[in-house]
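Heads up, the thing below is written out as structure tokens.
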Number of protein chains: 2
Amino acid sequence: MNGTINIVLADDHVLVRNGIKAMLESDPDIRVVGEAGSGAEALEVARQLHPDILVLDIRMPGMTGLEAAARLPEVAPGTKAVILSMHDSEDYVLQALDAGAYGYLLKDTDKNEFIRALKQISTGNKYFSGSVSNVLANRLLNAKPSKSASELPRDPYHLTRREKEILRLVIDGKQNKQIADVLGKSVRTIETHRFNIMKKLGVNNAIDMVNKVVKENLI
Amino acid sequence: MNGTINIVLADDHVLVRNGIKAMLESDPDIRVVGEAGSGAEALEVARQLHPDILVLDIRMPGMTGLEAAARLPEVAPGTKAVILSMHDSEDYVLQALDAGAYGYLLKDTDKNEFIRALKQISTGNKYFSGSVSNVLANRLLNAKPSKSASELPRDPYHLTRREKEILRLVIDGKQNKQIADVLGKSVRTIETHRFNIMKKLGVNNAIDMVNKVVKENLI
DNA sequence: GATTATTTAAGTATAAATACGTATTTCATA
DNA sequence: TATGAAATACGTATTTATACTTAAATAATC
């Protein structure tokens, strides 16, 4: 990353801010340039300083961290909000996402992970504590409920393992020569497999093979 | 659930297995009870030992970790699969989810996080490395915005009308002879169009052409 | 009406895929 | 250890696709 990451910390407890500040500034690339004790104050400081990242405790007097995160783009468009919380409550996590937060970290996140998270976020990625990913993953799975079953590779054509492996490479656009090289086999072998695969699938050319595989979600 | 967590490690490199094993067994609650060097072997060992967690490297000879994860319920219903990977590729992460994996950890995950992840997974939660959560979060956010922009066929390659028409037929699995018949043109004409299309798209074979068109939502 | 873009199509080669049949080796498993 | 499935590989032949170049006949547009 290019240069120092400027951070503003918002938490209504000075002690907590000090603790986090000490933790973060042990890394030479991170600098805490401002602090705030409430959501409103956080926005005000962010407007003045335009830090790279605004770390917001979720629970603060007046305006919560979630609210502040949602308003952040109005006052400091380039600044990325990160929510700090004690709980990995599903509600909070999803609200943070909705609020446009770039991260959701638990307060018991250890130092290394915290720093890693901030660095990743400063590059524009999102970072959610691993413990929180549970919420995201479940949400994603429930969003596409019927999929997970039919998303599993089906196998109605009794393709062997090798055949599937080769099929995968074929679909990836590799030609027989390349596949042969990758697998350390002769081109003739690949051709044979390919012939057998097409026979099993009942198709007459490579493109129909690809279409069939994609459509029927084989592999 | 409050006893020892039994783990089976699957990675095709003994060194990697040893490293992870040493790392994990520094925790008194975790025991590595088996190892495997391939996806198939992993399933076999899982069937015999029914561990709490099966840690699968994503890249293994023959059957990938993702495939093995998907098949795991058939051979060891209670065992939870965790994918280990070098990359936080979006594809892999989502595939892992689909495969029913309980976790996706990057290989550079540090010891504490690794152990925390396994403990959380053993209780039935999911755990995705923070760096990976980026993928999940974006997926969740993009789930509904039915991209009005990318829904429309894009045209960054300046394909002519005829070229698109032919491209459509090619993707439909038609071969040049058939296309020529349908359009009442000579096969050479179709070949020329096809050559020009591939040139414009910058691909070297039909399958990559299909892939590109599908992926980039041309046509 | 001149200019430009598109469509059409051929020439000439090479490379690759398709279509089988056949056959050996490997390997899990009965 | 016999058996069958899977993986390996060659032979032979035909068909398609790829890789260019060139160039004419049609549009389209300015």
Side-chain angles (χ1 to χ4, degrees), chain A residues 155-213 219, chain B residues 36-48 61-63 67-68 71 74-75 155 157-213 219:
Chain A
D155 185 19
Y157 298 100
H158 311 107
L159 296 179
T160 68
R161 182 144 47 253
R162 198 52 150 179
E163 285 168 348
K164 279 187 230 168
E165 186 175 16
I166 287 167
L167 184 48
R168 232 171 273 127
L169 291 165
V170 168
I171 287 175
D172 201 37
K174 305 279 186 301
Q175 35 204 169
N176 292 347
K177 174 69 169 54
Q178 298 174 272
I179 297 176
D181 287 347
V182 170
L183 299 184
K185 306 298 170 202
S186 96
V187 173
R188 305 309 310 285
T189 301
I190 311 303
E191 285 175 352
T192 302
H193 281 304
R194 204 158 153 161
F195 171 71
N196 290 329
I197 293 168
M198 299 212 310
K199 201 173 179 184
K200 283 184 179 177
L201 296 188
V203 297
N204 324 301
N205 63 58
I207 294 185
D208 272 338
M209 180 164 69
V210 173
N211 284 332
K212 183 151 195 162
V213 169
I219 291 196
Chain B
S38 71
E41 200 187 336
L43 289 182
E44 189 45 41
V45 176
R47 163 155 52 205
Q48 286 165 16
M63 188 188 294
E67 241 181 299
R71 303 248 162 101
E74 302 165 20
V75 302
D155 184 19
Y157 300 100
H158 311 106
L159 296 180
T160 68
R161 185 147 42 256
R162 198 53 149 179
E163 285 167 349
K164 282 186 227 169
E165 184 176 16
I166 288 168
L167 184 47
R168 233 169 273 127
L169 291 165
V170 168
I171 286 175
D172 201 38
K174 304 281 186 299
Q175 31 205 169
N176 293 346
K177 175 69 168 55
Q178 298 175 272
I179 298 175
D181 287 347
V182 170
L183 299 183
K185 306 296 170 201
S186 96
V187 174
R188 304 311 310 282
T189 300
I190 311 301
E191 285 175 355
T192 301
H193 282 304
R194 205 159 153 161
F195 171 72
N196 291 329
I197 293 169
M198 299 212 311
K199 202 173 179 182
K200 284 183 179 179
L201 295 188
V203 297
N204 319 303
N205 63 59
I207 293 184
D208 272 338
M209 179 165 70
V210 173
N211 283 333
K212 183 151 195 162
V213 168
I219 293 194

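Residue numbers begin at 1 in each chain, while the letters A, B, ... track the order of the sequences. In what follows, every heavy atom counts, from backbone to side chain, and hydrogens, waters and symmetry copies are set aside.
The main-chain N or O of B/L201 is found under 3.5 Å from a side-chain atom of B/K212 such that the two form a donor-acceptor pair. Side chain of B/E165 to backbone of B/R161: no donor-acceptor contact under 3.5 angstrom is found.
For the pair A/L201 CG and C/dA17 P, the interatomic distance rounds to 17 Å; values are reported in whole Å. Nucleotide C/dT18 holds its C1' atom 15 Å from the CD1 atom of A/I190, rounded to whole Å. Rounded to whole Å, atom C1' of C/dA17 lies 17 Å from atom NZ of A/K199. Residue A/M209 contributes atom CE, which lies 17 Å from atom P of D/dT16 at whole-angstrom precision. Atom CD of B/E191 and atom P of C/dT14 are 16 Å apart (whole Å). Rounded to an integer number of Å, the gap from CZ of B/F195 to P of C/dA10 is 17 Å. Straight-line distance from the CG atom of B/N205 to the C1' atom of D/dT16: 13 Å, rounded to whole Å. A straight line from CG of B/N204 to C1' of C/dA16 spans 13 Å, rounded to a whole angstrom.
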For this session: Check the pair A/L167 / A/M209 against side-chain contact (heavy atoms from CB on, under 4.5 Å), numbers first and verdict last.
Result: CA-CA 9 Å; A/L167 184 48; A/M209 180 164 69; 3.9 Å; yes
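Within the 4.5 Å cutoff, no side-chain heavy atoms of B/I171 are placed close to those of A/I207. Taking the side chain as every heavy atom from C-beta outward, A/R162 and A/L183 approach each other to under 4.5 Å. Residues B/E74 and B/R47 fail the side-chain proximity criterion, which asks for heavy atoms closer than 4.5 Å.
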Could you list the protein-to-nucleotides 3-7 of chain D atom pairs, N/O on both sides, closer than 3.5 Å?
from: D/dA7; atom 1: OP1; to: A/R162; atom 2: N; distance (Å): 2.9
from: D/dA7; atom 1: OP2; to: A/T160; atom 2: OG1; distance (Å): 2.1

Please enumerate all protein N or O atoms sitting under 3.5 Å from an N or O of nucleotides 22-30 of chain C, with distances to 0.1 Å.
none

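Considering all non-hydrogen atoms of both residues, B/I179 and B/K174 come closest at CG1-CB, 3.7 Å. Contact between B/G39 and B/A68 at its shortest, heavy atoms only, is O-CB, 4.1 Å.
Taking a 4.0 Å limit (strictly below) on heavy-atom distances, residues 172-181 of chain B reaches DNA chain D at B/Q175, B/N176.
The side chain to side chain donor-acceptor pair (under 3.5 Å) analysis of residues 195-208 of chain B, with sequence neighbours excluded, yields the pairs B/E163-B/K200. Applying the side chain to side chain donor-acceptor pair (under 3.5 Å) test to residues at least two apart or on different chains, the pairs with a partner in residues 178-188 of chain A are A/K177-A/D181, A/S186-A/T189, A/R188-A/E191.
The CD1 atom of B/I197 sits 6.5 Å away from atom CG of B/L159, with the distance rounded to the nearest 0.5 Å.
Considering only residues two or more places apart in sequence or on other chains, B/N176 meets the side-chain hydrogen bond (donor to acceptor under 3.5 Å, both in side chains) condition with B/R194. For B/A42, the side chain to side chain contact (heavy atoms under 4.5 Å, CB included) criterion is met by B/A10, B/A36, B/L54, B/L56, not counting sequence neighbours.
Between A/R194 and C/dT18 there is a side-chain N or O to OP1 or OP2 distance below 4.0 Å.
Proximity note for A/M198 (side chain, C-beta onward) versus D/dA9, C/dA19, D/dT18: the nearest is C/dA19.
A donor N or O paired with an acceptor N or O is not found under 3.5 Å between the base of D/dT16 and the side-chain atoms of B/R188.
Between the axis at the start and the axis at the end of the helix from C/dG1-D/dC30 to C/dA30-D/dT1 there is an angle of 50°, using five pairs per end and rounding to 10 degrees.
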